Amino acid sequence: MTTTTTTTTATTVPDLYPSRGATEVSVPRQDPVVWGSPGTPGPVSLTELQSYERDGFLAVEELIGPDEVAVYRQELERLVTDPAIRADERSIVEPKSQEIRSVFEVHRISELFGRLVRDERVVGRARQILGSDVYVHQSRINVKPGFGASGFYWHSDFETWHAEDGLPNMRTVSVSIALTENYDTNGGLMIMPGSHRTFLGCAGSTPKDNYKKSLQMQDAGTPSDEALTAMASEYGIKLFTGKAGSATWFDCNCMHGSGDNITPFPRSNVFIVFNSVENAAVEPFAAPVRRPEFIGARDFTPVR
């Protein structure tokens with residue numbers, strides 16, 4: 001395996017996870033999964049931390065209560081029906097229906113979602129898993145209305161965040177908080193348990209401004225059918241269901257995706273990515289330019 005580097009104004013950072021080359025490569029994980037020490041107090045129990053380390057994810061049955069869900073749902077509806085929000089570059093629309101698919105940097109756009117990011121039930125788990133103060137690398141609301149909303153193809157978030165945003169190490173955790181019920185039929189999140197221990201470096205170069213296409217339908221950074229078949233055969237696939245208010249925490253390198261929603265039942269969630277302040281982004285490892293800051297933050301201020 002060839003190790004490359006990326007250079008910043010301050011230092012040269014080794015590339016532990018090469019990707020976007022001529023061929024697809026498989027690399028064992030070089031980083032811990034749980035960075036915090038076992039005895040560190042926080043909302044995640046030792047048993048849950050051990051499960052997270054093994055599987056790469058942690059499901060919480062009720063992170064927020066029904067009354068809170070109603071408030072966040074109302075805020076989501078306000079945002080996606082606001083013409084000013086729709087016109088904002090941080091809004092991504094479905095290629096077919098032209099309905100809003102995602103609104104990025106929602107913790108800055110909405111004071112309500114900003115408070116959710118700072119909620120100890122949310123940020124406390126991130127600090128405990130990552131073993132440090134954290135900042136928000138990315139936040140968004142995902143709107144998956146019924147009758148044809150498209151899914152998100154299989155991918156590792158870290159592959160993109162490393163290649164296109166410059167995150168050096170796997171010290172990042174995401175949380176998806178359901179604002180509608182997740183059935184087994186409405187395009188729910190699927191994860192390959194244990195896949196976080198292997199990094200799959202995808203073949204092919206990164207086009208300039210790739211994000212404009214990938215946020216609607218991913219192309220660069222997608223694994224081959226052969227690699228996905230091998231991983232699914234080894235790890236299996238877990239589909240997450242649960243009531244509104246439930247949440248799934250998952251490691252940045254989990255192979256995951258979701259299918260189209262052809263049911264009448266919408267599937268909406270708020271998605272927050274916490275990165276360790278000790279893992280701040282450098283220059284992209286495999287892209288000609290950085291993605292915009294509303295997708296990959298360059299403000300590393302800890303969440304307080």
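As the structure is a prediction and not an experimental result, all values here were calculated from the model.
A donor atom on one side chain and an acceptor atom on the other are not found under 3.5 Å apart for Ser102 and Arg90. Inspection of the Ser176 and Asn269 side chains reveals an N or O donor paired with an N or O acceptor under 3.5 Å. Looking only at atom types and distance, the side chain of Ser258 has no donor-acceptor partner in the side chain of Tyr153 under 3.5 Å away. Using modelled atom types, one finds a donor on one side chain and an acceptor on the other under 3.5 Å when comparing Thr206 with Arg20.
Applying the salt bridge (Lys or Arg N to Asp or Glu O under 4.0 Å) test between Glu68 and each of Arg73, Arg115, Arg121 identifies Arg121 as the sole match.
Ring planes of His155 and His256: tilted class, angle from 30 to 60°. Classification of the Phe294-Phe104 ring pair by plane angle, with boundaries at 30° and 60°, yields perpendicular. The aromatic rings of His162 and Phe285 lie parallel to each other, their planes meeting at an angle below 30°, with 60° marking the opposite boundary.
Ion pairing of Glu99 with Arg86 is absent here, as no side-chain N (NZ or NE/NH1/NH2) approaches a carboxylate O to less than 4.0 Å. Using a 4.0 Å cut-off between a side-chain N of Lys or Arg and a carboxylate O of Asp or Glu, Arg290 and Glu283 qualify as a salt bridge. Salt bridge absent: Arg267 and Glu181 never bring a charged side-chain N and a carboxylate O closer than 4.0 Å. Between Arg171 and Glu278 there is a salt bridge, with a side-chain nitrogen of the basic residue lying less than 4.0 Å from a carboxylate oxygen of the acidic one. Salt bridge present: Arg29 and Asp251 bring a charged side-chain N and a carboxylate O closer than 4.0 Å.
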Practice task
Test ring pair (Phe, Tyr, Trp, His ring centres under 6.0 Å) on Tyr72 and Phe113 and set out the steps.
Solution key: CA-CA 8 Å; Tyr72 290 119; Phe113 283 116; 5.5 Å; yes

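Side-chain atoms of Phe274 and His137, non-hydrogen and from C-beta on, never get closer than 4.5 Å to each other. Val277 places none of its side-chain heavy atoms less than 4.5 Å from the side chain of Val134.
Remark: aromatic rings of Phe250 and Tyr52 are distant, center separation not under 6.0 Å.
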